[in-house]
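Step one of this worksheet: look at the structure below.
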Amino acid sequence: MNTDMSDHGLQPERTLMSWFRTYLLLIIICFILLFVSVKIDLILFKLLGLTLILFTMFSLVFQLRRFKNFSSKNVVTTNESILKMAFSFFIGLTAFSYAGFLIIKIFTP
């Protein structure tokens with residue numbers, strides 16, 4: 001008799017869909033950042049945009065692979081925590097860089 005008859009419900013699917021929406025939004029933001037970097041010819045935004053889009057693609061593949069065979073034994077591992085912290089770092093770095101650029105642009109004649 002199989003004792004592992006637990007129903008996981010729709011939580012794994014909802015989590016995967018929310019991550020997918022996050023990645024889709026970040027890819028759009030990266031393309032906007034790259035477009036802005038071409039217009040203002042700033043290498044920092046080009047590097048940040050390319051780094052963030054590559055990191056987003058890597059994270060998306062990692063998440064799809066993780067949720068492919070979801071079971072109750074799948075818990076958040078140390079590697080996933082590191083990946084999410086690095087992901088948050090890159091998003092914050094991009095946001096602060098762009099905010100700094102806008103502040104400098106406003107106060108410089």
Inset, instruction - Kindly indicate, with the supporting measurements, whether the criterion side chain to side chain contact (heavy atoms under 4.5 Å, CB included) is fulfilled by V61 and Y23. - result: CA-CA 10 Å; V61 169; Y23 293 136; over 6 Å; no
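Here the CD1-CD1 distance, from I32 to I27, works out to 12.5 Å after rounding to the nearest 0.5 Å. L48 contributes atom CG, which lies 13.0 Å from atom CD1 of I53 (distance to the nearest 0.5 angstrom). Between I28 atom CD1 and L33 atom CG the span is 13.5 Å, to the nearest 0.5 Å.
Residue pairs meeting the salt bridge (charged side-chain N to carboxylate O under 4.0 Å, His left out) criterion with at least one partner in residues 86-99, sequence neighbours excluded, are absent.
I40 and F35 fall into different hydrophobic clusters, where Ile, Leu, Val, Met, Phe, Trp and Tyr residues are linked whenever their side-chain heavy atoms come under 4.5 Å apart, directly or through other members. Tracing side-chain contacts under 4.5 Å through hydrophobic residues (I, L, V, M, F, W, Y), one reaches F89 starting from L44; they form part of the same cluster. Connection of L42 to V36 is established within a shared hydrophobic cluster, with ILVMFWY side chains joined at heavy-atom distances below 4.5 Å, either directly or through further cluster members.
Hydrophobic cluster membership for I29: L25 (Ile, Leu, Val, Met, Phe, Trp, Tyr linked by side-chain heavy atoms under 4.5 Å, directly or transitively). In this structure, M85 shares a hydrophobic cluster with I82, the cluster being traced through Ile, Leu, Val, Met, Phe, Trp and Tyr side chains under 4.5 angstrom apart.
The heavy-atom pair separating F20 from L60 by the smallest distance is CD1-CD1, 3.9 Å.
Residues satisfying the salt bridge (Lys or Arg N to Asp or Glu O under 4.0 Å) criterion with K46, sequence neighbours excluded, are D41. Residues passing the side-chain contact (heavy atoms from CB on, under 4.5 Å) test with I91 are L26, L52, F87, sequence neighbours excluded.
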Return all side-chain donor-acceptor pairs below 3.5 angstrom for residues 94-103, not counting sequence neighbours, or 'none' if the list is empty.
residue	atom	partner	partner atom	Å
T94	OG1	F90	O	2.8
S97	OG	L93	O	2.7

